[in-house]
Amino acid sequence: MTDPTGRGGRATIEDVAAAAGVSVATVSRALRDLPNVASSTKQRVTEAALSLNYRADPSARHLASGRSRNVEIAVPVLNSWYFSEVLAGAEAVLSECGYSLSISAVPTPTARFDFVRNAVASRHADGLIMVDLPLADLEIDMLENSNLGVFTIGFKCPSFHSVLVDNLAIGRIATEHLFDRGHRRIGILTGQPNDSLRFTVPKDRAEGYRQMLTSHGLVADPGLSCSGHFSVDGGREAMNQLLKLDDPPTAVFALSDEMAFGAMAATRDCGLTTPDDVAIMGVDGHYLAEITGLTTIDQHVGQQGVVAARQLVALLDGAVEPARQIEIESNLIVRGST
């Protein structure tokens, strides 16, 4: 039979996603007939799967000796679009490869330590994926001395494989985009003011924002920075505070699309228009960004989970190589909000 992928191998879930023009997570949902997938999309996915002769690897469904065929994923919170998309991408690949998935919310350093300790001691999993959870030195030591395969997303650790985006560059690109449109008072909606998990993403994006302002001879005004807690409600409240300033910003860079959605709502609440009165942009590539006309930097969230899971499975199957970092390229998508 002619190889439908043209690569001499079995079709993967990524091949089906590319053929159908949807995400890997959508393919997984469609093929399992889960809700929240349009019937036309299900049909397109099914036709793509049939044309590619796609099927999960049957040999992966059998337990290997001494292997649990389970992967544990830890995220700071579960009720977030970003983390749900990462999980969906990873779950689709792991399911295809015959792995079950256990998900844990790890909202504090104590919870993170307990998660690592239990994973190492219980041996209920073959591998771990840590999403945006910077590891302490003791936790790194524990994992290095275990037999677990470990992948991190959003946290660069020389000891383990990582999937990353360049958040400094994201901050610079966003700020440059607003500067190029004539804005000089550029506000920023940041994350948590006191983050016990040492979440590096907001710090890096804010640093990119400051670097770009400095390169243009501007000084970042601390009065134009407000915490939006990475939520729609938080973005709305933070934007309200900025708009009440005697000299409010003419543009705002929100460190997530969800905060940007809240900022857009606050702008409407005040009788202002976007972008005429204030330009707004976010980061993520949220599916609602297109509907709302939000300018965003797409960091291909679901693909981060796909790549981490695919690489972790290869690692568990015996692919041995030095720990390395895989960078996911992000891209600016300009829409009406700027």
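From a predicted model like this one, the values you see are computed outputs, not experimental measurements. Note: hydrogens, waters and symmetry copies are ignored here, and every other heavy atom, side chains too, is used.
Side-chain contact between V278 and M239 is present, with heavy atoms from C-beta onward closer than 4.5 Å. Looking at heavy atoms from C-beta onward, D126 lies in side-chain contact with S68 at the 4.5 angstrom threshold. You'll find the side chain of I186 stays beyond 4.5 Å of the side chain of L224, heavy atoms only. With a 4.5 Å cut-off on side-chain heavy atoms, F179 and M212 do not count as touching. Between E207 and L168 the shortest side-chain heavy-atom distance falls below 4.5 Å. Contact annotation: the side chain of T175 never approaches that of I188 to less than 4.5 Å [non-hydrogen atoms, C-beta and beyond]. Here the side chains of L133 and P76 are in contact, with some heavy-atom distance below 4.5 Å.
The line from CG of L255 to NZ of K203 is 13.0 Å long, rounded to the nearest 0.5 Å. Atom CG of L213 sits about 11.5 Å away from atom CZ of R185, to the nearest 0.5 Å. Note that the CD atom of Q299 and the CD atom of Q304 stand 5.0 Å from one another [nearest 0.5 Å]. From D141, atom CG reaches atom OG of S159 across 8.0 Å, with rounding to the nearest 0.5 Å. Rounded to the nearest 0.5 Å, atoms CD1 (I129) and CD (E72) are 11.0 Å apart. Rounded to the nearest 0.5 angstrom, W81 CH2 and E258 CD are separated by 8.0 Å.
For the residue pair S100 / N70, a side-chain donor-acceptor distance below 3.5 Å is found, with atom types taken as modelled. Donor-acceptor pairing under 3.5 Å is recorded for the side chains of H183 and T250. T267 and D277 share no side-chain donor-acceptor pair at under 3.5 Å. Inspection of the S162 and T152 side chains reveals an N or O donor paired with an N or O acceptor under 3.5 Å. Defined by atom type and a distance below 3.5 Å, a donor-acceptor pair is present between the side-chain atoms of H300 and N331. Side chain to side chain, H216 and E176 meet the donor-acceptor criterion of an N or O pair below 3.5 Å.
Within a 6.0 Å radius of CD in E144, other residues, nucleotides and ligands contribute more than 12 heavy atoms. Around CG of D276, the count of heavy atoms belonging to other residues, nucleotides or ligands within 6.0 Å exceeds 12. With a 6.0 Å radius and a threshold of 12 heavy atoms from other residues, nucleotides or ligands, N145 has its CG atom above the threshold. Environment of CD in E327: crowded, with over 12 heavy atoms of neighbouring residues, nucleotides or ligands closer than 6.0 Å. Atom CZ of R123 has 12 or fewer heavy atoms from other residues, nucleotides or ligands within 6.0 Å. Environment of CD in E237: sparse, with no more than 12 heavy atoms of neighbouring residues, nucleotides or ligands closer than 6.0 Å.
Each of L87 and L164 belongs to its own hydrophobic cluster when Ile, Leu, Val, Met, Phe, Trp and Tyr are linked at side-chain heavy-atom distances under 4.5 angstrom. In the hydrophobic cluster analysis, where Ile, Leu, Val, Met, Phe, Trp and Tyr join through side-chain heavy atoms closer than 4.5 angstrom, I140 is grouped together with V120. Hydrophobic cluster membership differs between L242 and V219, with clusters built from Ile, Leu, Val, Met, Phe, Trp and Tyr side chains linked at under 4.5 angstrom. No path of Ile, Leu, Val, Met, Phe, Trp and Tyr side chains, each step under 4.5 Å between heavy atoms, connects L50 with V16, placing them in separate hydrophobic clusters.
Salt bridge annotation for R236-D233: absent, with no cationic side-chain nitrogen under 4.0 angstrom from a carboxylate oxygen. A salt bridge is absent between R44 and E47; no separation between the charged side-chain nitrogens and carboxylate oxygens falls under 4.0 Å.
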### Task
Test side-chain contact (heavy atoms from CB on, under 4.5 Å) on Y82 and D132 and set out the steps.
CA-CA 11 Å; Y82 169 83; D132 287 316; 3.0 Å; yes
### Task
Kindly indicate, with the supporting measurements, whether the criterion side-chain contact (heavy atoms from CB on, under 4.5 Å) is fulfilled by T296 and R335.
CA-CA 8 Å; T296 186; R335 299 192 178 102; 3.7 Å; yes
### Task
Could you check V334 against R181 for side-chain contact (heavy atoms from CB on, under 4.5 Å), going step by step and ending with a plain yes or no?
CA-CA 12 Å; V334 180; R181 274 152 178 73; 3.9 Å; yes
### Derivation and outcome, side-chain contact (heavy atoms from CB on, under 4.5 Å), residues R310 and I13
CA-CA 11 Å; R310 185 67 72 190; I13 198 168; 3.8 Å; yes
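Heavy-atom minimum distance, G223 versus D221: N-OD1, 2.8 Å. Closest approach of G282 to A260, counting heavy atoms only: CA-CB, 4.0 Å. A pairwise comparison of heavy atoms in I326 and F151 identifies CD1-CZ, 4.4 Å as the closest pair. Contact record, F261 with T292: CE2-OG1, 3.4 Å, taken as the closest heavy-atom pair. For A105 against L78, the heavy-atom pair with the smallest separation is CB-CG, 3.9 Å. Taking every heavy atom of both residues into account, Q241 and C226 meet most closely at OE1-SG, 3.4 Å.
Using modelled atom types, one side-chain atom of T214 and one backbone atom of R210 make a donor-acceptor pair closer than 3.5 Å. Looking at D257, its side chain does come within 3.5 Å of a backbone N or O of V283 through a donor-acceptor pair. Remark: the backbone N or O of L288 is paired with a side-chain donor or acceptor of H286 at under 3.5 angstrom. D204 places no side-chain N or O within 3.5 Å of a backbone atom of V201 that could act as its donor or acceptor partner. Judged by distance alone, the side chain of N167 and the main-chain N or O of R205 form no donor-acceptor pair under 3.5 Å. The closest donor-acceptor contact from the side chain of S51 to the backbone of A48 lies under 3.5 Å. Between the S330 side chain and the D298 main chain, no donor and acceptor come within less than 3.5 Å of each other. S337 contributes a side-chain N or O that, together with a main-chain N or O of T295, makes up a donor-acceptor pair within less than 3.5 Å. Between the side chain of T338 and the backbone N or O of A279 there is no donor-acceptor pair closer than 3.5 Å.
Under the side-chain contact (heavy atoms from CB on, under 4.5 Å) test applied with M281, the options L178, I333, V252 reduce to a single match, L178. Each of I153, V75, V116, V106 was checked for a side-chain contact (heavy atoms from CB on, under 4.5 Å) with M130, and the lone residue meeting it is V116.
By the 30° and 60° cut-offs, the orientation of the rings of F253 relative to Y209 is tilted.
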